[in-house]
Structure formats: structure tokens, C-alpha cells
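Naming: A, B, ... by sequence-line order, numbering from 1 per chain.
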There are 2 protein chains.
Amino acid sequence: MNFNLAAVNAASQKGSAMSQMQNVERQLREMILGLEVGPGEKLTERWIEGRFGASRTPVRAALLRLETEGLVARDGRGWTVSPINLAELEQIAVYREAVEVAAVRLTCSSADTSAVDVIEAMLDSCDENTPREEWHRVGMDFHIELAHLSGNEFLFRAVRDAMTRLSRARWLEVRDEAALGRAWAEHRAILAAIRLGNAEDAARLLSAHIVGSRDRLVTSLANDRRGLRARGFAVVAA
Amino acid sequence: MNFNLAAVNAASQKGSAMSQMQNVERQLREMILGLEVGPGEKLTERWIEGRFGASRTPVRAALLRLETEGLVARDGRGWTVSPINLAELEQIAVYREAVEVAAVRLTCSSADTSAVDVIEAMLDSCDENTPREEWHRVGMDFHIELAHLSGNEFLFRAVRDAMTRLSRARWLEVRDEAALGRAWAEHRAILAAIRLGNAEDAARLLSAHIVGSRDRLVTSLANDRRGLRARGFAVVAA
DNA sequence: TATACCATTTTGGGATACCAAGCCGGTATC
DNA sequence: GATACCGGCTTGGTATCCCAAAATGGTATA
């Protein structure tokens with residue numbers, strides 16, 4: 001929330017056929033997910049307007065869409081960047097468990113294991129030289145792509161939306177190398193079970209992975225809550 | 001899609017503090033769900049504007065929200081009332097199965113059975129004198145309220161949104177008395193299992209109910225497809 | 001008759017003007 | 001000094017205007 005992107009925006013718009021609304025929506029989403037605007041921070045339509053060099057019409061459209069994604073919320077008459085809500089994170093984990101397990105069971109029941117290799121390659125693309133931001137992205141895309149394999153559009157969207165809501169919290173999470181390694185091992189174990197068409201194992205491993213991730217995430221954020229609030233990030237307790 | 005509601009709208013607005021946007025959104029949603037505008041029909045912002053006596057700003061906001069509900073869709077540059085899509089109905093059933101079963105398992109694991117009575121009372125409120133429209137609404141609310149019992153906001157919203165998408169198709173479905181009776185019996189059996197805290201039974205019964213409903217629904221619509229299209233309703237095959 | 005082409009209209013996207021409600025700061029009063 | 005009040009300023013909600021692109025329809029030509 002520091003320098004003006006209007007010029008950059010205008011330039012990038014030249015190259016693509018992207019509408020102002022899509023532009024504002026995408027950039028504002030990136031700012032929120034990238035924590036360039038803090039959870040709980042107030043937003044005014046006029047500030048966004050000036051920041052991105054667009055008028056209020058596309059700004060309002062973007063806000064309405066981001067509201068349905070849970071990234072911004074109405075605050076009385078105005079707008080707020082949604083706070084991190086620990087109770088919500090726990091509920092999302094339950095939701096994820098339901099839809100991701102259903103998706104992976106579907107995938108196991110189909111005979112197509114070739115797409116699993118693509119996902120495994122995604123995991124392989126991360127090594128000790130990979131920036132943390134990339135690990136973060138791949139860790140989310142793993143689950144999204146896994147759900148995509150099921151071929152069910154609704155399960156896919158559910159997982160994608162859930163991961164979007166989790167994104168900022170996962171980024172704030174204090175994770176050590178060991179935790180990342182464990183997560184990757186669990187991801188690989190899930191893929192292995194799918195390759196064997198073993199739905200029960202895959203479901204059990206995925207379920208445990210989601211529950212474990214939730215516990216680590218909520219614990220980490222609850223411990224860091226004071227520090228996060230000091231940085232201006234609203235973190236609502238469970 | 002025949003007479004002008006602008007005056008009625010203005011009058012109803014007087015009594016409540018509802019904004020134009022909420023007004024347009026609610027009324028347009030009711031028109032779509034009530035099949036007053038047919039699936040597949042083209043919508044123009046200007047027509048909606050004139051119809052509800054609101055300017056384009058709230059109209060556009062309403063369309064954006066209804067788009068995320070899946071009730072309207074972009075059609076190139078314009079808008080369309082979403083067609084009935086049999087493939088989508090089948091995918092929604094899979095999605096419902098995942099989230100509703102998860103919700104009912106959660107509910108069974110809690111010790112509160114008192115709320116079940118409220119839902120049972122809902123079912124009881126329908127008898128041979130009840131208009132079909134009411135059966136239709138209660139049949140949907142049963143599932144929505146059941147998910148609400150879980151206490152998980154995301155499972156609840158998922159079921160509510162899924163039922164919203166199914167609403168028009170269920171309304172078009174040709175259902176005999178016997179089918180309705182069977183559905184109600186299945187609903188009651190599910191509640192009975194929940195009362196006993198028997199999660200496995202509840203899950204199995206609910207799952208079978210959803211799959212059975214889907215089969216009857218898709219079969220009915222596929223058989224009626226020609227007739228429905230003749231009535232101007234776009235029905236996309238599976 | 002079929003088709004390519006052009007003028008006109010329609011339509012969604014965006015920008016802007018206006019308004020009422022709420023917020024904030026200052027001031028006067030107790 | 002605290003507080004109640006008031007006036008201006010900010011802000012979201014709405015209406016309206018403009019524009020480019022797409023649809024439409026009529027016409028001329030092959």
C-alpha cells in the first residue's frame with residue numbers, strides 16, 4: 001500500500017485484451033493475498049480507484065466478486081480486507097476434508113493415472129533453491145490440481161476457493177524446513193496411493209494431511225497472534 | 001416476463017430499508033427461480049433496468065452476484081439465464097453427497113438432537129392440502145437446514161448454493177405422489193438415524209437419497225427434454 | 001436467390017455527477 | 001475539562017452520459 005500502480009496498470013493493459021474490471025479484480029486480489037494490504041484494513045472505493053487508475057464502476061465490480069471469494073467484507077457502509085479468522089480456518093479444514101476426499105475417491109475410481117505424473121512433477125520442481133513463495137504456491141496448487149483430476153467442476157471450485165481463503169493464513173504461518181518436508185512426503189504418499197488405485201489409503205492419507213495441516217496452521221497463528229496484530233494484521237481468535 | 005413491476009417495486013421499497021441493489025437481486029432471482037424468465041433466455045441490462053425501475057448500477061451488481069450463484073451466465077458480451085444442464089445436475093449430486101454426508105456426520109457426533117425436531121416439524125407441515133410449491137420449498141429446506149445443524153458455515157453454504165442451482169430443475173421435474181411420499185419417508189429415516197446418533201446409517205441413507213433423487217431428476221428431465229425445449233426452456237444434455 | 005457489404009441501432013463497459021448518510025473535528029456551553 | 005452540538009467533509013449508492021464493439025437489417029451485386 002505504498003506506490004502508485006496506475007501507470008504500470010495502464011501499460012500492462014495495453015498488451016492484453018483484459019477489461020478494467022478484470023484488471024482491478026486481479027490486481028486487488030494479488031495485493032490482498034500478497035498481504036500488501038493487511039487483513040482487517042479498511043478499503044475505500046476511491047482509494048482503489050486512484051490506486052489502479054480505474055473508475056468506480058470496475059472497482060465496484062471487483063469488490064463484489066472479491067466479496068464472494070471472502071477476501072473483502074462489508075464493514076457497515078464500507079469495505080474491509082477480511083481479517084484472518086481462526087475459527088473460519090478450522091471450519092474450512094472440515095469442508096476441505098469433505099470435498100477433497102470425495103474428489104480423490106472419484107479420481108481413484110477412474111482408470112487414468114497419467115495425470116498424477118504431472119502433479120508429481122509439480123512437487124519435484126521445488127528444491128532447496130526454490131523461493132519460499134514458490135513452495136507456497138505449489139503447496140496450494142497440489143490440492144487444487146488433485147481436485148481437478150476428479151473431473152467434477154464443483155469439487156474443483158470448492159477446493160480452489162477454500163485454498164484461496166487459506167492462502168494468506170498459510171503465508172503467515174511460521175513453517176520450518178521439516179514441516180515443509182513432511183508436507184511434501186505426505187503429498188507424495190497420497191499420489192502413490194492414487195496410482196495404485198487404492199481409494200481407501202488415499203482418502204485416509206489425505207484426510208490426515210488436511211487435519212495435520214490445520215492443526216499446525218492454527219497453532220502457529222495462535223502463537224504468533226500478538227506479533228501479527230502488532231504488524232497491523234487483524235487475526236480473529238477461534 | 002410480461003407486466004411492469006417498477007411501481008410495485010417502488011412501493012415495496014418504501015416499507016423497508018432495502019437498497020435498490022438488494023431489491024433487484026432478490027426480485028430477479030425470484031423471477032429466474034420461478035421460471036418467469038426461461039432458462040437460456042437472453043437478458044439485457046437495459047431490460048432489467050426498465051423492468052424494476054432501477055438504474056444500471058444496481059442492475060449490474062445484481063447480475064454479478066447472480067452469476068456467482070450460477071443463475072445467470074455471461075453470453076459473449078451479454079447475459080443469459082443459465083440453461084438447465086443435465087451434466088451439471090449430475091456433478092452437483094456428487095458434490096452434495098460429499099458435503100451433506102460430511103455435515104450429517106458432524107451433526108451425529110454432537111449430542112444435540114433437539115434441533116432435529118424442528119426439521120421433522122417442517123416435514124409434518126406438508127399434507128395433501130399443501131400446494132405443490134410448498135412441498136418443493138420444504139423439500140429443499142430440509143437439506144439446507146440439515147446442513148445448518150452441523151454448525152459448519154462452509155458446509156451449510158455449499159448445500160444452500162447447490163440446492164439453489166437445483167431448484168429450477170426440481171421444479172420442472174415431473175413427480176408423482178408416490179415419489180414425493182418416498183422422498184418424505186427417506187427424509188424421516190435420515191432424521192431417525194440422526195436421533196439415534198447413528199452416523200453410519202444416517203450417512204448411508206442420505207447418500208442413497210441423494211443418488212436416487214438425482215436419478216429420478218435426470219431421467220425425468222431427459223424424458224421431458226423435448227417438451228421443455230418447446231416451452232422455450234434451454235435444457236442441455238448430459 | 002444468395003451473399004457480401006454498409007449504415008444504424010443496440011448493448012455492455014467505463015466515467016462522472018449528484019445525493020444522502022455517516023464520520024470527524026471544532027466550538028460553545030456547562 | 002468534559003460534553004453536547006453543529007457544520008463540513010468523506011464515502012458508498014445511484015443515476016446518467018459517453019463510447020466502442022457487436023448485432024441488425026436493408027441493399028446492391030454477382
Participant: Where along residues 56-65 of chain A does a heavy atom come under 4.0 Å from DNA chain C, residue by residue in number order?
Facilitator: A:R56, A:T57, A:P58

Participant: For A:R60 and B:A61, indicate whether the former's side chain and the latter's backbone hold a donor-acceptor pair under 3.5 Å.
Facilitator: no

Participant: Tell me whether the count of non-hydrogen atoms from other residues, nucleotides or ligands lying under 6.0 Å of CD in B:E30 goes above 12.
Facilitator: yes

Participant: So, do B:Q27 and B:V24 sit near enough that their side-chain heavy atoms are less than 4.5 Å apart?
Facilitator: no

Participant: Is there a side-chain contact (heavy atoms from CB on, under 4.5 Å) between A:T130 and A:V138? Walk through the geometry before answering.
Facilitator: CA-CA 11 Å; A:T130 309; A:V138 172; over 6 Å; no

Participant: With B:F233, which residues qualify under ring pair (Phe, Tyr, Trp, His ring centres under 6.0 Å), at least two apart?
Facilitator: none

Participant: Could you tell me which residues satisfy side-chain contact (heavy atoms from CB on, under 4.5 Å) with A:H148, sequence neighbours excluded, listed by chain and number?
Facilitator: A:E145, A:F156

Participant: Without swapping roles, check the side chain of A:S220 against the backbone of A:E173 for a donor-acceptor pair under 3.5 Å.
Facilitator: no

Participant: Taking atom P of D:dC17 as reference, at what distance in whole Å does atom CD of B:E49 sit?
Facilitator: 11 Å

Participant: Given atom CZ of B:R46 and atom C1' of D:dC17, what is their separation to the nearest angstrom?
Facilitator: 10 Å

Participant: For B:R132, look at atom CZ and say whether over 12 heavy atoms of other residues, nucleotides or ligands are found less than 6.0 Å away.
Facilitator: yes

Participant: Out of D:dC18, D:dG13, D:dT14, which nucleotide sits closest to the side chain of B:Q20?
Facilitator: D:dT14

Participant: Would you jot down, in residue-number order, the residues of residues 67-82 of chain B having a non-hydrogen atom under 4.0 Å from DNA chain C?
Facilitator: B:R74, B:R77, B:G78

Participant: Which pairs pass side-chain hydrogen bond (donor to acceptor under 3.5 Å, both in side chains) with one or both residues in residues 155-170 of chain A, sequence neighbours excluded?
Facilitator: A:E153-A:R157

Participant: Taking CD from B:E25 and C1' from D:dG13, how many angstroms apart are they, rounded to a whole number?
Facilitator: 15 Å

Participant: Extract, from 5' to 3' on DNA chain C, the first and final nucleotides lying under 4.0 angstrom from some heavy atom of chain B.
Facilitator: C:dT11 to C:dG14

Participant: Between CD1 of B:I48 and CD of B:E25, what distance do you get to the nearest 0.5 Å?
Facilitator: 12.0 Å

Participant: Would you kindly give the CD-to-C1' distance between A:E45 and D:dT10, to the nearest whole Å?
Facilitator: 12 Å

Participant: About how many Å separate CD1 of A:I210 and NE2 of A:H143, when rounded to the nearest 0.5 Å?
Facilitator: 6.5 Å

